[in-house]
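First the structure, in the form of structure tokens, and then the observations on it.
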Amino acid sequence: MIRSTWFLIIICLLICTGCWDRKNIEDRGYILGIAIDAHSLEKDAEQKPPDKMKETDFGRIDMTTGKPEYDMTVQLPIVKKSPTVSASGGGGEGGGGESMSWQITQSGDSFLSMEREMESRVSLTLFYEHLQAIIISDDIARAGLDKMIDFFLRDREMRSNVGLFVAATPAKNLLEVIPRVEDHSATYLHELPTNSERNSRVVYKSGLGETVICIREGNDFVLPWIEATKDEIKMKGGALFKKGKMIGRADEVDIESINLIRNMYRGGVVVARRPDDKTGLIVMDVFGAKTKIKPIIQGDELKVDVYISIRGQYAEQIGSGGIDDLSDKFIEQCERAFSNEIEKQCNRTIRKMQKEYNIDVFQLNKLLRTQKPGYWHEIKEDWDRIYPDVEINVHVKSDVRLVGNKK
Amino acid sequence: MRINKNNKNPKNMETLKESDPPQLKSEEKVDMTLSDNVEKNLDIFKAFLEDNFDAVFREFKLGSQSIPCALVYIDGLVNSTTVHENILKGLMYEITMLERASNKIIEGEMAYEYVKEHAVSVAEIQEADTLDKCMLMVMSGEVALMVEGSSKILIVNARGWPARGVSEPDTEGSIRGPKDAFNETLLVNTALIRRKCKDPNMVIKTIQLGRRSKTNVAFVYIKGITDPGLIEEVKKRLNEIDVDEVMETGQIEQWIQDNFLSPFPQVQVTERPDTTTSNIMEGRVAILVDNSPFALIVPSGLNQFMQAPDDYYDRWIIGSFLRFIRWGASLIAAFAPSLYIAIITFHPGFLPTPLALAVAANRINIPFTAFVEVFLMEITIELLRESGARLPKAIGQTIGIVGGIVIGDAAVRAGITSPSMVLLVSITAIASFVIPSYSAAIALRLIRFPLMILAAVLGLYGVALGFIIVNIHLASLKSFGFDYMTPQAPFVPKDAKDWIIRLPRHYLWRRPVSVHPVDIDRMNQDLYKE
């Protein structure tokens with residue numbers, strides 16, 4: 001009797017404690033993308049009749065703490081338009097320039113309150129585990145990413161591989177894009193950086209996880225800058241962040257150099273002038289690069305040597321009148337030309353980062369902290385002042401491994 | 001005779017008196033000791049058997065002195081040619097010729113010996129001096145021969161009854177292996193085992209079980225390999241069975257298993273003589289029951305239920321691959337529905353985004369929660385399976401098509417279930433059919449229902465909890481005192497060579513040590529020892 005009572009109690013405990021976060025898969029609202037803008041929804045104080053209500057009127061929030069600062073736009077997929085809706089429902093036809101997602105804008109001063117306010121407009125339970133991309137507008141980024149990012153780190157449904165992007169104000173325009181080959185602009189955005197293994201000019205590893213490490217450690221970093229038309233999105237260089245605030249933009253060549261120096265180069269293209277014919281071009285398809293950075297302290301002076309070695313294929317030549325010279329001597333000359341080209345490009349970026357922006361986007365501070373802790377301890381406070389004048393020498397060694405097909 | 005004597009319930013006695021008076025009369029009024037008078041002995045038999053239309057009492061006179069003799073047998077259980085040619089012809093005709101030729105007169109007490117030695121031309125004869133033994137023999141299909149002047153009764157083996165031939169196994173097919181299976185005759189089954197192992201040390205012992213059914217139960221082992229303790233345990237457990245009837249190995253299994261509350265089988269059942277023999281060779285004991293085309297193998301563990309003869313007949317890589325598939329299938333069969341419920345209702349973040357959206361789109365018009373949906377479909381598929389199992393083969397296939405294609409499609413169109421659900425249920429069902437042992441497969445199918453409830457209540461945490469509970473249960477099970485989960489728990493590295501990976505034969509030079517064989521080597525280990 002006592003045993004069976006205990007048994008019942010245990011069963012009751014199990015059943016009563018369960019189910020609290022139970023929600024059917026179709027009842028959740030999968031937030032795929034979030035765009036964050038500074039508050040700009042027009043304020044309309046007077047009560048309007050229902051037929052005159054606009055989305056901006058719904059987006060406002062009654063607050064006790066002050067005035068709204070942000071507009072959060074979320075992208076929800078319209079699941080019932082999906083082609084896999086079971087036959088009985090007479091599922092909608094997807095695609096064809098018709099949006100498969102719903103962008104909802106809500107203003108407020110904190111992100112949780114905005115999300116919950118949104119749930120008064122959406123019948124679904126908002127759910128972040130499938131969040132693909134967060135797009136931050138220019139002005140919010142300049143005001144400080146570190147200021148507002150906390151919710152996205154603290155919430156237990158957020159994943160660290162969410163892509164972070166910066167776009168010109170208003171960022172919510174990016175979510176309105178209807179990509180031609182995907183249903184939702186956020187998933188399209190999430191997939192874009194995967195091309196970094198073929199195109200080194202896009203920012204690699206710019207997820208929420210990596211970014212927050214940089215913010216916490218006080219490192220400078222770069223996030224991809226995106227631009228869009230009605231149905232296209234382009235990753236166009238990056239936004240430079242210093243101490244959590246955006247201070248400027250880097251072009252695509254800069255991004256390539258930064259990737260190279262930070263040992264994040266996964267593959268790309270190097271173009272150089274032909275060594276034997278200055279009007280022609282030679283092209284190298286790089287399939288791997290390795291970078292080692294050695295800080296050297298000479299007396300009081302800090303000198304940094306960057307050794308880059310790249311491997312690749314002689315992929316294309318332009319000009320040269322159809323002569324295909326693959327002799328060892330020519331290849332050696334080509335390798336030297338490629339190396340010089342990369343060196344030149346890196347030096348340009350380094351100068352720009354040091355002199356123009358004074359931003360340690362190569363994360364030399366991290367390197368010094370681990371490799372020269374004593375020195376770093378001394379100069380830590382002065383790093384901002386020392387950094388622009390640090391001598392950074394780039395040494396490139398390129399290695400042409402293959403020469404392609406010959407037909 | 002123990003007939004009716006053990007019936008201690010007085011109420012039953014009364015009903016018996018009214019409904020079945022002749023039998024009672026025979027008990028009370030007939031003196032059951034055998035005499036040297038044929039007529040008296042025959043009366044005893046008649047007292048028991050005269051109401052039976054298939055009982056034959058044949059009285060005849062032997063030789064020139066007309067010595068009274070009688071045959072008693074059950075028609076249908078004997079081979080009538082043997083009775084005519086080898087018994088009656090000799091006794092009634094040839095013996096008279098013999099008398100004339102040798103000028104010798106057979107009479108009196110020498111008649112019985114003479115009959116036994118000269119007249120009955122059947123190899124297997126026995127003598128019985130009690131009615132108990134004699135009656136049992138008659139009921140088993142032998143012929144009782146009574147000769148005036150002897151209180152012994154000659155039991156002549158003329159058994160012959162309608163029996164199925166040796167056919168292909170129905171439930172345990174094999175691609176490479178032999179195609180014979182046991183049938184309902186114990187002697188055929190033991191012969192099939194003997195054909196596979198000619199070792200004179202192989203012992204086939206029988207005992208009779210069942211107060212009324214008197215079923216022959218044989219247990220087979222190899223002296224010098226099998227653990228003597230195990231043999232004693234088998235004997236003990238079999239002797240403890242005291243029931244009216246033993247119809248099938250299944251009944252024996254339920255009496256001798258260690259834990260009758262567990263859904264998992266603790267005794268392996270097979271209808272394949274090759275599986276049986278190789279298990280005996282590994283040091284296990286096989287139990288065969290007359291009238292049953294199955295053999296029980298003890299001790300047996302979970303590992304054995306995942307083995308099929310083809311694992312050993314094919315090369316080791318293929319065998320290992322098949323084992324992998326089976327272990328995987330057992331996990332799918334038990335856990336796939338509960339994982340589905342857990343992910344759909346609690347953790348959609350586990351799915352890749354396109355899949356999550358696709359499943360959500362699939363389910364958008366479904367009125368039920370995932371648990372109800374899975375439960376309905378699982379019940380449906382169990383109904384289909386059960387209806388298919390009992391129906392004649394031709395109709396069974398129709399059920400398969402109706403169930404698999406029509407119902408599945410219609411359920412989706414009617415908006416009761418989603419296509420992904422149909423996929424899941426079908427994969428689960430197919431996975432459960434992959435497991436070679438029917439009883440293990442049905443146990444796995446059964447435990448998925450409580451697991452589904454756990455998943456619906458607690459999500460993945462519940463599934464993990466269920467997994468742990470199932471494993472604790474399995475690890476605590478014993479089969480004839482041997483650990484059920486060997487070689488994984490407790491881990492026996494020596495036996496793990498024949499587990500999920502079936503190593504090449506060279507490395508399997510040892511019999512499984514977890515069954516404690518007396519003789520451990522089964523190969524010339526000097527050649528193949530690692």
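Chain identifiers are assigned alphabetically (A, B, ...) following the order of the sequence lines, protein sequences preceding nucleic acid strands; residue numbering begins at 1 within each chain. Heavy-atom basis, side chains included; hydrogens, waters and symmetry copies ignored.
Chosen from A:Asp27, A:Thr187, A:Leu32, A:Asp21, the residue pairing most often with chain B at heavy-atom distances under 4.5 Å is A:Asp21. Of the listed residues B:Ile344, B:Leu465, B:Leu351, the one with more heavy-atom pairs under 4.5 angstrom with chain A than any other is B:Ile344.
Other residues, nucleotides and ligands contribute at most 12 non-hydrogen atoms within 6.0 Å of the CZ atom of B:Phe467. Crowding of B:Trp327 atom CH2: a count of heavy atoms from other residues, nucleotides or ligands under 6.0 Å exceeding 12. Residue B:Tyr461 qualifies as open at atom OH: its count of foreign heavy atoms under 6.0 Å is 12 or below. No more than 12 heavy atoms of other residues, nucleotides or ligands shown are found within 6.0 angstrom of CD1 on A:Ile2. Enclosure of atom CZ in A:Arg198 is not indicated, since only 12 or fewer non-hydrogen atoms of other residues, nucleotides or ligands lie within 6.0 angstrom.
Considering only heavy atoms from C-beta on, B:Thr369 comes within 4.5 Å of A:Arg22 through its side chain. Side-chain contact between A:His184 and B:Leu357 is present, with at least one heavy-atom pair separated by less than 4.5 Å.
Nearest heavy-atom pair, A:His130 versus B:Ala356, reported as atom, atom and distance to 0.1 Å: NE2-CB, 3.5 Å. Counting all heavy atoms, side chain and backbone alike, B:Ile366 lies closest to A:Glu26 at O-OE2, 4.3 Å. Across all non-hydrogen atoms, the minimal contact from A:Asn24 to B:Ala370 is OD1-N, 3.7 Å.
In this structure, the portion of B:Phe368 lying under 4.5 Å from any heavy atom of chain A is its backbone and not its side chain. Heavy atoms of B:Pro354 lying under 4.5 Å from chain A are absent altogether. In this structure, chain B has a heavy atom under 4.5 Å from the side chain of A:Gln132, while its backbone stays farther away. Proximity to chain B (any heavy atom under 4.5 Å) is restricted, for A:Arg28, to the side chain, taken from C-beta onward. At a 4.5 Å heavy-atom cutoff, the contact between A:Phe127 and chain B is made by side-chain atoms alone.
With sequence neighbours left out, the salt bridge (Lys or Arg N to Asp or Glu O under 4.0 Å) criterion links B:Arg237 to B:Glu233, B:Asp258.
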